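Values reported hereafter were calculated over all heavy atoms of this structure, with side chains retained and with hydrogens, waters and symmetry mates removed. Every chain is numbered from 1, with letters handed out A, B, ... down the list of sequences. A quick note: this is a predicted structure, and the numbers were derived from the prediction, not measured.
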Amino acid sequence: MNNGYLDMELLRFTTAGSVDDGKSTLIGRLLYDSKSIFEDQLEAVETASRSRGNEEVNLALLTDGLRAEREQGITIDVAYRYFATPKRKFIIADTPGHIQYTRNMVTGASTADLAIILIDARNGVVEQTVRHSCIASLLGIPFITVCVNKMDLVNYSEEVFLGICQRYETMAHHLGIRAKLLFIPISAKYGDNVVSESENMPWHQGGTLMHILETVSIEHKMGDECEPMRFPVQYVIRPISDKYPDYRAYAGRMSGGVLRIGDRVRILPSGLESTVKSIMQTTMEMSIAHTPESVSVLLEDDIDISRGDMLVSIDKPLPEVTQTLKMHCCWFNEAEMQLRKRYLIRTAVAETVGIVQQIDYRLDINTLEHIKEVNSLKMNDIAVITIKTANPLVVDKYGANRVTGSLVFIDPDSFETVGAGMVI
Amino acid sequence: MYKLTHLKELESESIYVLREVAAQFEKPAILFSGGKDSIVVTYLAYKAFFPAKIPFPLLHIDTGHNFQETLDYRDALVKKLGVQLVVGSVQESIDTGRVKEEKGYNASRNRLQTTTLLDTIEKYKFDACIGGARRDEEKARAKERFFSHRDEFGQWNPKNQRPELWNIFNGRKNMGEHFRVFPISNWTEMDVWQYIYQENIELPSLYFTHERRCFLRDGQWLAAEPCMTLKPSEEVVTRRVRCRTIGDITCTGLTISEANNLEDIIAEIAATRITERGGRADDKRSETAMEDRKKEGYF
C-alpha cells in the first residue's frame, strides 16, 4: 500500500456565512468535486429534494442533519463534515451565520486552523462580514480565507474583486486582525476556483480554494523549541501492581513547546521544580514530546502533583497564576449572565468557582462599538469582563496559547456550559 | 523534522478524551459491540492508561443474535486486557417482558437494545458510556458532541446540546443523568482502517473474506443464520463475503469480497462509492431513523 496515505496532515476549518451567501453550495461543491459524497448519500439527498419540491438537487440537505433543520430549512447547530484528498484530511465545522447563532460560530471557530468567510460579490463587505471576521479574530484562527462568491453574477470582474479585497483589508486593519488573509474570487455554483481553476478569471493568480486548503501551513499546531512548554496534568497513572509498585506518571496533552528527558520543569501553581525522568508516548518510551501529543511524564522527585496542575518550562515566559482575570467572553445561554452570580469556571483540566466582578464593555460585533455600563449579558453577546475566582488559575493570554488561555462558564445548578472566555 | 500526521493528531485527541472520562466520572464503561470502532476505542483506552489496566469495564449489549466470531473475539480480548466484562442481554429483556420482540421478515432486535442498554446502565450505575460512534457515519451523528449529555430517561436532546469548545469537556451532571462519550468522533471510516493497519490491531475474522451461507434481500446480502426468517422467494447460497461493519446478524450487510488482509480492505474502501451504513437495514427505516433512535437513548 502507498505509505503516503498514512502520512497525511489534518486541517480543521470553519465556514461562516448565511444561506444566501452560498455556503452550503460551497461545501457541497468541495465535497462533490473531491468525490467525497457517496452514491447512497447523493441518492438520499435527491429523494429528499424531490419530496420537498426542489427542482435541483439541494446540496444543503447534505449538511442539515437534524429533523428540525430539515423542516425549517436552516442550520441550527454546528455540523462536522469530513473529506480527504490524497494530501490532506479535512474537518469542516459548518456553522450557521445568523447573529442569533454567534455561539455556534464561536464553538466551531475554537479549534479551527482556518476560517472561510464568504462574501457575495454583488454586496461586498457587509455587517455580517464584519461579525464573522471579528469572531474568527477573537478566536485566534491563524488563517482567514476570504471567498468572494457569485463572481458569475458580476461578469467575473477583477475590478469588483479588488475593490472588495481593499475594503476588507481596511476593515481587518481597523479590527486588528492578526490572521493571515487570503483572497479568492469564486463561483461555488459553477465551481470556478473551488477545486478547479477558473477559465473565466485568468487574471487570478492565487490558485484555487482547494489548493490553499491543501498547502496552508499547519505548523502553528506543533510547538517549536522557542515556544514556552505547557503540560496541563490531566490524570495520574498509578498501576499499583506488583510489576509497577511505585509507578506514578502524569498524563496529559502537550499544549505548547516541546519537552525532553532531562528538562527542568516548574510545577504550577505550587512553584516547585523537578526534572523529567522519562516520557511515555502511550506504550513507548520517547526522548521528546511535541505539541499536541498525548503523553505521560515521570519526574525525578516525589512531589504531590494532581489534575489541574501544570508543568511549564522554567526559563521562558511563565503563565500567570491568578484569581483575577480579564477576558473576552461570549455568552451562550438563554439565562442572562449576572454580575456577582457564582459560576463554575473550567479550564482544560482545572475547575474552580468564580464570580463576574464587572463587565468592562459589551462589543457590538456589527459596528465594533464598545458599549459601556452594561449589567448583564444576553445569549450571543460578546464582551470584555473581569472575573474573580475562589482558587488561583494557571493561565496564559489567549493570544499566546489557545489551550491554556481559554475557559468556559458552567451554571452551578443546571451544569450547562453557559459561556466561554478568552484571557486577555 | 517532526511530522504531525492526521492519525497521530486523531489518536492524541482520542486519548485525551478517554483520560478526561477517567478523571471526570466515577463509573464509566466502554460500550463494546465487537465491531472495529469499539475495538479501536478499547485499544486507545489500553494506550491511554498504560501501564495501568483500563480503568473501566467493557459493556456488551448482547442481542442474542450475534455472530459466534464476535463473542469469541470479545472473550479473548477481555482476558488479554484483564478487564471486567458486563453483559446486558436483550433475550432477558424479552423474557422478563421489558420489551416485545418484533415480528415479520425484517424483525430486528436492534431497537430493543435501547431498553436493555438503559436498564443495564441503571443497574450498574454507569455514569459515562464510551462508544465508538463517528460523526462521518450518519447525519444525526455529525452533530453529536464528544461528551453527550443524556437526561434521566437516557434521552438525547439534539436541540439543547452543550457547546463544546477547544478541548474543554463538561461532564457535570445531576443525579440519574449520564453521558455518552465518543472519543473517535472525528475519525472517518478510512482513518479507522488506516489506524488498524498502522498499529496492526487484531480484528474478528468476519472482517476478512470467508465462505458463508447467505441470501439476497432488497439488493443486500445477509447471513443465513437460524435467527433469520427467509421469505419463500429467497434462496440460500454460499458466497465469499466479508463484513464492512458488524452489528447483530439481522442488520449486518455482507459484501462480496476477496479481501483477506488490511491492505486489500483499505483499497476496497477507497474505491467504494457506498457509505458504510449503506448496508445497515436499521438506518433505512426513515430519513431521520438514527436521530429518532438516538433521542430514545440508542447508542
Check your understanding: Do NZ/NE/NH1/NH2 and the carboxylate oxygens of A/Lys89 and B/Glu9 come within less than 4.0 Å?
Key -> no
Cut-off 4.5 Å, heavy atoms of chain B, and the answer for A/Leu139 is side chain
dist A/Asp7:CG -> B/Lys8:NZ (nearest 0.5 Å) comes out at 9.5 Å
When B/Asp136, B/Asn186, B/Thr188 are each screened for side chain to side chain donor-acceptor pair (under 3.5 Å) with A/Tyr82, the one that passes is B/Asn186
Under 3.5 Å, is there a donor-acceptor pair between the side chain of A/Gln234 and the main chain of B/Ala23?
-> no
The interface call for A/Arg12 against chain B, heavy-atom contacts under 4.5 Å, is side chain
Ranked by heavy-atom pairs below 4.5 Å to chain A, first place among B/Glu177, B/Gln24, B/Lys53, B/Glu11 goes to B/Gln24
Which label fits B/Tyr2 and A/His290: parallel for a plane angle under 30°, tilted from 30 to 60°, or perpendicular past 60°?
parallel
Output for pair (B/Leu4 CG, A/Leu10 CG), nearest 0.5 Å, gives 8.0 Å
- May I ask you to decide if B/Phe169's main-chain N or O and A/Arg346's side chain share a donor-acceptor pair within less than 3.5 Å? yes
Per-residue tally against chain A (heavy atom, under 4.5 Å) across B/Ala22, B/Ala48, B/Gly171 peaks at B/Ala22
Under 4.5 Å to a heavy atom of chain B? For A/Asn333 that would be neither
Is the side chain of B/Asn167 donor-acceptor paired with the backbone N or O of A/Ala348 at a distance under 3.5 Å, no angle test? no
B/Tyr16 and A/Val349, any side-chain heavy atoms less than 4.5 Å apart: yes
If one checks every heavy atom of A/Val295 against chain B at 4.5 Å, the contacting part turns out to be backbone
Bottom line for A/Ser255: the part with an atom under 4.5 Å from chain B's heavy atoms is neither
TODO: Take atom NZ of B/Lys3 as the centre, draw a 6.0 Å sphere, and report whether it contains more than 12 heavy atoms from other residues, nucleotides or ligands.
DONE: yes
Whatever's closer than 4.5 Å to a heavy atom in chain B on A/Ile288 counts as neither
| Within-4.5 Å side-chain heavy-atom neighbours: A/Ile237 and B/Pro51 | yes
Give a yes or no on whether the backbone of A/Phe415 and the side-chain of B/Arg162 come within a donor-acceptor separation of less than 3.5 Å.
yes
Short side-chain to backbone donor-acceptor contact, A/Ser294 and B/Ser12, under 3.5 Å
yes
If one checks every heavy atom of A/Ser241 against chain B at 4.5 Å, the contacting part turns out to be neither
Most heavy-atom pairs under 4.5 Å with chain B, out of A/Met254, A/Lys221, A/Gln281, A/Arg238, belong to A/Lys221
Paired with A/Arg253, the side chain to side chain contact (heavy atoms under 4.5 Å, CB included) test is passed by just one of B/Glu20, B/Glu13, B/Arg19, namely B/Glu13
request  = Taking the six-membered ring of A/Tyr80 (Phe, Tyr or Trp), confirm whether the NZ or CZ of B/Arg135 is under 6.0 Å from its centre and within 45° of its axis.
outcome  = yes
Taking side chain as C-beta onward, heavy atoms only, is B/Leu165 less than 4.5 Å from A/Ser406? no
